[in-house]
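Input: a single structure, listed below in structure tokens.
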Number of protein chains: 4
Amino acid sequence: MIVATAVPGKRQLLVEAAAEVFSTHGFTATRVSDIAATAGVGKGTVYEYFASKEELFFAVFEWIDGQIRQQVELTIARPACACDQLRAALAVSAGIVSEHRGLFSMNLDFWAASRGSAFESRFTDACRTLYARYRQLVADVIRRGQAEGDLRGDIDAAGVAALIVSALDGLAVQCWFDDAMDPVAAVDSFATALLGGLCREPR
Amino acid sequence: MIVATAVPGKRQLLVEAAAEVFSTHGFTATRVSDIAATAGVGKGTVYEYFASKEELFFAVFEWIDGQIRQQVELTIARPACACDQLRAALAVSAGIVSEHRGLFSMNLDFWAASRGSAFESRFTDACRTLYARYRQLVADVIRRGQAEGDLRGDIDAAGVAALIVSALDGLAVQCWFDDAMDPVAAVDSFATALLGGLCREPR
Amino acid sequence: MIVATAVPGKRQLLVEAAAEVFSTHGFTATRVSDIAATAGVGKGTVYEYFASKEELFFAVFEWIDGQIRQQVELTIARPACACDQLRAALAVSAGIVSEHRGLFSMNLDFWAASRGSAFESRFTDACRTLYARYRQLVADVIRRGQAEGDLRGDIDAAGVAALIVSALDGLAVQCWFDDAMDPVAAVDSFATALLGGLCREPR
Amino acid sequence: MIVATAVPGKRQLLVEAAAEVFSTHGFTATRVSDIAATAGVGKGTVYEYFASKEELFFAVFEWIDGQIRQQVELTIARPACACDQLRAALAVSAGIVSEHRGLFSMNLDFWAASRGSAFESRFTDACRTLYARYRQLVADVIRRGQAEGDLRGDIDAAGVAALIVSALDGLAVQCWFDDAMDPVAAVDSFATALLGGLCREPR
DNA sequence: TATGAATGAGAATTCATTCAT
DNA sequence: AATGAATGAATTCTCATTCAT
């Protein structure tokens with residue numbers, strides 16, 4: 001679960017207030033004064049802790065990234081065979097998307113921040129690193145599975161890992177646009193297909 | 001291929017100029033005057049054809065959507081077994097991503113336009129429809145494959161279709177952040193894994 | 001006389017409106033919107049012609065500098081002996097100060113602009129050049145007078161020129177603070193003393 | 001010399017810290033917190049001693065004024081003929097300018113403070129008084145010289161005094177803009193010219 | 001129809017000042 | 001007395017949009 005810190009300092013208070021307002025209205029439509037009001041402080045106070053609106057936005061990005069990665073890593077760390085780990089990683093990710101549609105919509109803003117904002121390169125770099133890390137995480141599981149004989153050895157682990165990570169991001173996007181989507185169920189079918197093979201006859 | 005229309009009217013000229021500038025600088029950082037200059041017309045002329053910057057942006061969205069869907073539909077329409085159709089659809093999509101990284105980065109802006117802009121609901125609705133259509137397209141192939149016996153019947157076609165579409169979107173995101181990614185190779189590995197099954201022993 | 005241009009373009013209109021407002025309220029206390037209102041245009045229009053408040057301020061500086069230098073140069077250009085030229089230059093300068101106390105008060109702002117503003121070096125450079133030019137102008141007259149035998153040859157022309165120019169600036173400062181000062185009369189006494197010598201017995 | 005007080009109270013400590021920061025960055029660009037930091041006290045402490053930034057600025061003005069006037073008065077107080085007193089007064093003033101270019105640059109800020117600041121009239125009044133006093137000082141020397149027969153009696157003492165004082169102020173301005181200027185040498189030439197007469201034949 | 005000069009709503013940001021501790 | 005976290009008034013500047021030509 002993504003939960004508020006127990007005893008947040010004022011900086012963290014602002015990050016969480018910002019997350020709330022940004023995730024509701026989007027980056028552009030959010031005014032700094034909205035965040036200040038939500039946090040229950042004066043407008044100037046925001047600038048005591050963050051040099052700019054974008055700096056605060058980036059802090060929100062880092063906070064959310066940390067929260068999510070922590071859960072995924074914990075899940076994958078549990079000892080199990082590679083198949084089960086992949087399935088569990090997919091399931092927990094879908095669960096997060098399902099529970100936090102609002103927060104996940106911020107992804108769209110984070111991504112867009114890499115397009116023409118003053119922090120363009122900062123967000124681009126952070127996202128590149130973030131995705132490289134997730135791909136690595138998944139690829140390692142796959143390679144271990146291949147080494148241990150659970151998974152087919154004739155498949156490029158990095159390529160498949162990239163697409164698994166992609167699938168989860170893309171799923172969150174579709175869920176953002178369509179409340180009716182059930183990410184958990186979709187991911188479950190996907191895991192079954194991917195692990196067992198869609199084709200009746202393996203190729 | 002995504003190509004300029006042969007004899008564009010001035011409206012189409014503006015759409016294509018806008019696509020170029022938007023894809024280079026992002027929606028927010030693009031000024032209407034930039035687009036006018038790129039199109040070689042006066043700033044006021046833009047408003048003869050589009051009521052607002054966002055309206056023009058939406059027109060770009062529709063144009064690109066049309067271009068891409070056309071290619072995907074043509075690919076899927078070719079008679080083949082379901083497996084080959086899926087593989088071909090994945091390949092052609094990856095190819096488009098690969099060839100048009102710039103255009104694809106606009107996705108990030110389109111998605112973000114669903115967050116707090118004046119056209120919020122217009123983009124949201126359009127994206128919901130767009131994704132529903134792609135999911136349908138893929139799900140139909142899967143269902144046909146199941147009916148014809150090429151694909152396993154015990155799998156939820158809709159769920160898997162959702163994730164396949166997701167994977168392609170997510171892949172484009174990662175390619176935007178990381179020039180070193182090769183979407184075509186990654187998709188190929190993914191197709192092999194998905195169709196044949198990652199596990200050595202089918203489950 | 002310092003007069004408004006006969007057919008000012010909008011840029012010049014703004015410069016003159018700005019000169020009026022700046023000279024009345026000082027740089028800091030002047031709001032860009034005040035200038036726009038005085039010029040009878042919208043706030044945004046100011047930014048069509050000047051990139052910033054300081055850029056406009058600099059344009060005012062250049063305009064006033066041009067106006068004044070023109071008069072001084074015209075005066076000095078009239079054929080006369082060096083003594084008369086110096087006397088005339090002093091007189092015309094005092095006359096300008098006397099007639100345009102308001103405009104001259106802008107000097108105080110121009111000078112202060114060289115202290116910590118974004119345009120610090122631009123104003124510093126411009127003032128350095130401006131004063132070097134005036135010193136040169138006066139020094140040339142003195143040297144000519146020395147060559148022609150009208151003025152004592154044992155005196156450093158550059159040093160005296162610097163102080164003559166200084167005296168006029170300092171006089172404008174005192175006039176700004178004290179309406180009762182009569183620059184014309186003061187300069188007349190000064191010219192007599194300087195040219196004839198304060199001491200009863202020449203040294 | 002302008003030196004720090006031997007055992008400064010905290011108020012004086014702040015005045016001197018402020019003088020340092022103001023003279024370095026100018027009034028506008030100086031933040032109260034900079035002064036506090038330079039003085040080694042908390043920001044709030046400044047307000048225990050001064051009601052506002054401008055009040056502190058005014059205190060700096062008074063402090064510097066006092067320091068400088070003291071030196072000039074001491075110089076003039078030395079018994080000598082009027083000619084020598086004038087020459088000495090000019091020399092000592094040029095010496096101060098030369099040694100304290102930084103401090104003197106504050107003049108530009110003091111003057112500008114008379115333009116649109118909340119303390120406008122306070123600075124204006126103080127400067128008017130200050131200059132009246134200096135003019136009086138110089139005029140008295142001249143009048144004494146005239147009475148004693150050292151100086152020509154047909155010259156308006158007040159007018160000449162005003163320009164002598166002006167010249168020193170203006171000189172400081174030019175020195176601020178041009179490091180290459182040597183105020184001491186310039187003033188020496190000026191003194192010679194003024195006392196002995198620029199013209200070969202006294203008029 | 002095409003234009004681009006003019007507009008002004010709107011938001012980020014700064015920093016002097018306050019005041020609870 | 002000393003502090004510095006908190007405040008919000010105030011102002012610059014941007015740029016989508018309008019409309020007279």
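Throughout, protein chains are lettered first and strands after them, A, B, ... in sequence-line order, and every chain is numbered starting at 1.
- First and last contacting nucleotides of DNA chain F toward chain A (any atom under 4.0 angstrom from a heavy atom, 5' to 3' order): F:dA6 to F:dA10.
- Where B:V32 and C:V32 meet DNA chain F, the nucleotide closest to each residue was compared, and C:V32 sits on the side nearer the 5' end.
- Where B:A29 and C:A29 each meet DNA chain F at their nearest nucleotide, the meeting point lying more 5' is that of C:A29.
- At a threshold of 4.0 angstrom between heavy atoms, the contacts of A:T28 with the nucleic acid are absent.
- Residues from residues 34-59 of chain D with heavy atoms under 4.0 angstrom of DNA chain F, sorted by number: D:V41, D:G42, D:K43, D:G44, D:T45, D:E48, D:Y49.
- The distance from the SG atom of A:C127 to the CG atom of A:D65 is 8.5 Å, given to the nearest 0.5 Å.
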Quiz: residues 26-41 of chain A side-chain donor-acceptor pairs under 3.5 angstrom, not counting sequence neighbours:
{"from": "A:T30", "atom 1": "OG1", "to": "A:G26", "atom 2": "O", "distance (Å)": "2.7"}
{"from": "A:D34", "atom 1": "OD2", "to": "A:R31", "atom 2": "N", "distance (Å)": "3.1"}
{"from": "A:T38", "atom 1": "OG1", "to": "A:D34", "atom 2": "O", "distance (Å)": "2.9"}

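- In this structure, CZ in B:R11 is found 11.5 Å from CD in B:E16, a value given to the nearest 0.5 Å.
- For the pair A:S33 and D:S33, both in contact range of DNA chain E, the more 5′-proximal nearest nucleotide belongs to A:S33.
- In terms of heavy atoms, C:Y47 sits closest to C:S52 at CE2-CA, 4.0 Å.
- Taking B:F123 as the reference, B:F57, B:F58, B:F61 meet the ring pair (Phe, Tyr, Trp, His ring centres under 6.0 Å) condition, with sequence neighbours excluded.
- With a cut-off of 3.5 Å on both pairing distances, the Watson-Crick and G-U wobble pairs of DNA chain F assemble into stems of 3 or more at E:2-21 with F:2-21.
- Put simply, CG on A:L108 and CZ on A:F177 are 6.0 Å apart, with the number rounded to the nearest 0.5 Å.
- Here B:H100 contributes atom NE2 and B:M106 contributes atom CE; the two are 13.5 Å apart, rounded to the nearest 0.5 Å.
- For the atom pair CG (B:L14) and OG1 (B:T45), the distance works out to 7.5 Å, reported to the nearest 0.5 Å.
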Anything under 3.5 Å between a donor and an acceptor, one on a side chain of residues 109-120 of chain C, the other on a protein residue two or more places apart or in another chain? List them.
{"from": "C:D109", "atom 1": "OD2", "to": "D:R115", "atom 2": "NE", "distance (Å)": "2.8"}
{"from": "C:D109", "atom 1": "OD2", "to": "D:R115", "atom 2": "NH2", "distance (Å)": "2.9"}
{"from": "C:W111", "atom 1": "NE1", "to": "C:Y131", "atom 2": "OH", "distance (Å)": "3.1"}
{"from": "C:S114", "atom 1": "OG", "to": "C:W111", "atom 2": "O", "distance (Å)": "2.5"}
{"from": "C:S114", "atom 1": "OG", "to": "D:W176", "atom 2": "NE1", "distance (Å)": "2.9"}
{"from": "C:R115", "atom 1": "NE", "to": "D:S105", "atom 2": "O", "distance (Å)": "3.2"}
{"from": "C:R115", "atom 1": "NE", "to": "D:D109", "atom 2": "OD2", "distance (Å)": "2.8"}
{"from": "C:R115", "atom 1": "NH1", "to": "D:S23", "atom 2": "O", "distance (Å)": "3.4"}
{"from": "C:R115", "atom 1": "NH1", "to": "D:S105", "atom 2": "OG", "distance (Å)": "3.2"}
{"from": "C:R115", "atom 1": "NH2", "to": "D:F22", "atom 2": "O", "distance (Å)": "2.9"}
{"from": "C:R115", "atom 1": "NH2", "to": "D:S23", "atom 2": "O", "distance (Å)": "3.1"}
{"from": "C:R115", "atom 1": "NH2", "to": "D:D109", "atom 2": "OD2", "distance (Å)": "3.0"}
{"from": "C:S117", "atom 1": "OG", "to": "C:E54", "atom 2": "OE2", "distance (Å)": "3.2"}
{"from": "C:S117", "atom 1": "OG", "to": "C:A113", "atom 2": "O", "distance (Å)": "2.8"}
{"from": "C:S117", "atom 1": "OG", "to": "C:F119", "atom 2": "N", "distance (Å)": "2.9"}
{"from": "C:S117", "atom 1": "OG", "to": "C:E120", "atom 2": "N", "distance (Å)": "3.0"}
{"from": "C:E120", "atom 1": "OE1", "to": "C:G116", "atom 2": "N", "distance (Å)": "2.9"}

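- Nearest approach of B:R128 to B:D125, heavy atoms of both residues: NH2-OD1, 2.6 Å.
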